[in-house]
Amino acid sequence: MTSSQPAESRTRGRSAQTATLAEIAREAGVSAPTVSKVLNGRADVAPATRSRVEELLRAHGYRRRRAEANRSPLIDLVFHELESAWAMEVIRGVENVARDAGLSVVLSESAGRLTPGRTWADQVAARRPHGVILVLSGLDESGRALLTSRSIPFVVMDPAGDPGTDVPSIGATNWQGGLAATRHLVELGHTRIGAISGPSQMMCSRARIGGYRAALETGGLPVDPGLVMTGDFHHETGYRQGLALLRRPDRPTAVFTGNDLQALGLYEAARELGLRIPEDLSVVGFDDLPVARWVGPPLTTVRQPLTEMAEAAARLVLDLGKGEGAAAAASRVELATSLVVRSSTAPPPAPGG
């Protein structure tokens, strides 16, 4: 049977349920088992054939029925970097929910990339997990289409960029946290307050520095661009950028760092230069990792509820897999941050002291 209606119009008019594997196979010029191999992430399909089938799956909006999905008892947890105590807090939260649901957690790392590569996507298609949680990361259009066509729900936790209105995400009130941290320093009497941000391309970094700037402006203090350094959330950068700040002839008397690891690097820089914390330099971090309580002096920091955020992401991805939480599928949930005052902050030293 033929039709004079353009193929594109026919595709738009179809629902996800009408586009069967047999129809997609016919349009791609391959067998239905080949399409099934692509859906299941099998490696024994030629790249050109795989691309053609994936394009048709996207064009038809194909979505596997949940009964067809035959999910494995897994949750995929994807980090852009997996090397810090920060990640351990997130893993703990996802494990708490997965354990109660009788599921296991598979860890992946995208080697610093903010979107996982094609190899990862094929592996997820082959594993058929209950859901995917991406941390400080995201999905490009093809990755989202691949998971959607396999009926694999996904949630982004602390997204690197704007995930879009149709992607469920869990975050924290980063701007408010940066505001609270810097306001605390202003109220102590500091007027030269530096900052070491996280990566500029990450939404959470920009929000925290936005809160820092707002606190200075509302406190009647100028924002000195020379006191704002760009970091990458690692200890080494906190040390290196801390040295640059503290060696200035007009060095700051307080510094807000974009996370606790950079604060620890700043501690090291201060010790090297013979500066005492908090007598000569006040420091505020962000995250409230367990190490913040153990370091000397204990670190004043903004608590980001990482374990609770991870638990919320895991519960949401499981609800989406059951067909629940449809309203939450297009929303962003933000958990509250809070300032935890310890011993690394004090009023600035007296002039000439």
Side-chain angles (χ1 to χ4, degrees), residues 71-112 114 116 120 124 127 129-138 152-160 163 168-174 177 198 202-205 208 233-235 257-264 285-295 298-322 325 328 332-340 342:
R71 294 185 181 123
S72 301
L74 303 171
I75 293 177
D76 258 70
L77 179 57
V78 187
F79 291 89
H80 86 295
E81 288 181 335
L82 184 57
E83 58 175 35
S84 73
W86 190 95
M88 292 305 301
E89 297 299 302
V90 175
I91 293 168
R92 181 177 295 111
V94 175
E95 282 277 10
N96 289 344
V97 174
R99 183 172 54 249
D100 290 345
L103 304 175
S104 299
V105 178
V106 176
L107 298 180
S108 303
E109 184 189 48
S110 57
L114 295 183
W120 169 83
V124 170
R127 281 195 291 269
H130 273 60
V132 172
I133 300 170
L134 300 112
V135 184
L136 275 178
S137 187
I152 299 174
F154 58 92
V155 171
V156 181
M157 178 181 156
D158 215 358
S169 64
I170 304 290
T173 55
N174 289 295
M202 288 190 178
M203 190 164 62
C204 62
S205 301
R208 291 170 195 176
F233 287 153
H234 292 123
H235 174 279
T257 66
N259 73 338
D260 289 349
L261 294 181
Q262 290 184 151
L264 299 184
F286 201 109
D287 282 335
D288 195 25
L289 298 176
V291 69
R293 300 190 294 274
W294 308 332
V295 71
L299 177 66
T300 295
T301 187
V302 176
R303 182 176 186 272
Q304 180 175 209
L306 293 170
T307 301
E308 293 91 334
M309 289 163 62
E311 289 173 343
R315 284 192 294 268
L316 178 55
V317 83
L318 293 181
D319 285 346
L320 293 171
K322 298 171 188 172
R332 173 169 170 81
V333 177
E334 289 194 340
L335 276 66
T337 54
S338 57
L339 181 68
V340 180
R342 297 194 178 100

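Because the structure is a prediction, the values reported are computed rather than measured.
The two atoms that bring L299 and V295 nearest to each other are N-CG1, 3.9 Å, heavy atoms only. The heavy-atom pair separating A98 from I75 by the smallest distance is CB-CD1, 4.1 Å. The minimum heavy-atom distance linking M309 with A172 is given by the pair SD-CB, 3.9 Å. Closest heavy-atom contact between G198 and Q262: N-NE2, 4.5 Å. Across all non-hydrogen atoms, the minimal contact from P73 to G102 is CB-O, 4.3 Å. The shortest non-hydrogen separation linking F154 to P168 is O-CG, 3.2 Å.
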Fill in: Residue pair T307, N96: steps toward the side-chain contact (heavy atoms from CB on, under 4.5 Å) verdict
CA-CA 9 Å; T307 301; N96 289 344; 4.1 Å; yes
Discussion item. I'd like to know whether F233 forms a side-chain contact (heavy atoms from CB on, under 4.5 Å) with F286, so could you lay out the CA-CA distance, the side-chain angles of the two residues, the decisive distance to 0.1 Å, and finally the verdict.
Written reply: CA-CA 10 Å; F233 287 153; F286 201 109; over 6 Å; no
Discussion item. Under the criterion side-chain contact (heavy atoms from CB on, under 4.5 Å), I'd like the reasoning laid out for I170 against L316: C-alpha separation, chi angles, the key distance, then a yes or no.
Written reply: CA-CA 9 Å; I170 304 290; L316 178 55; 4.2 Å; yes
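Using a 4.5 Å heavy-atom threshold, the side chains of V124 and I152 count as touching. Considering only heavy atoms from C-beta on, V135 stays 4.5 Å or farther from H80 through its side chain. By the 4.5 Å heavy-atom criterion applied to side chains, P129 and V106 are not counted as neighbours. Taking the side chain as every heavy atom from C-beta outward, I91 and L107 approach each other to under 4.5 Å. A 4.5 Å side-chain heavy-atom check between L335 and V333 finds at least one atom pair inside the cut-off. Proximity of L264 to V291: side-chain heavy atoms (C-beta onward) are separated by under 4.5 Å at one or more points. Looking at V155 and L320, their side chains come closer than 4.5 Å, going by heavy atoms from C-beta outward.
Partners of T337 by side-chain hydrogen bond (donor to acceptor under 3.5 Å, both in side chains), not counting sequence neighbours, listed by chain and number: T173. Under the side-chain hydrogen bond (donor to acceptor under 3.5 Å, both in side chains) criterion, H130 pairs with no residue at all, not counting sequence neighbours. Remark: D158 pairs with no residue by the salt bridge (Lys or Arg N to Asp or Glu O under 4.0 Å) rule, at least two apart or across chains. Every residue two or more places apart in sequence or in another chain that forms a side-chain hydrogen bond (donor to acceptor under 3.5 Å, both in side chains) with N174 is listed here: R208. For A85, the side-chain contact (heavy atoms from CB on, under 4.5 Å) partners are L289, not counting sequence neighbours. Taking the side-chain contact (heavy atoms from CB on, under 4.5 Å) definition, one finds that T300 meets it with H184, V284, L339, V341, R342, S344, T345, sequence neighbours left out. Applying the side-chain contact (heavy atoms from CB on, under 4.5 Å) criterion to V156, with sequence neighbours excluded, gives L134, P159, V167, S169. The side-chain hydrogen bond (donor to acceptor under 3.5 Å, both in side chains) check on T301 picks up D260, with sequence neighbours excluded.
Judged as a salt bridge (Lys or Arg N to Asp or Glu O under 4.0 Å), the pairs with a partner in residues 303-312 (not counting sequence neighbours) are, in order, R303-E308. Applying the salt bridge (Lys or Arg N to Asp or Glu O under 4.0 Å) rule to pairs touching residues 92-105 yields E89-R92, sequence neighbours excluded.
Put simply, the residue from D288, D287, N259 that forms a side-chain hydrogen bond (donor to acceptor under 3.5 Å, both in side chains) with Q304 is D287.
Interatomic distance, D76 CG to S108 OG, rounded to the nearest 0.5 Å: 5.0 Å.
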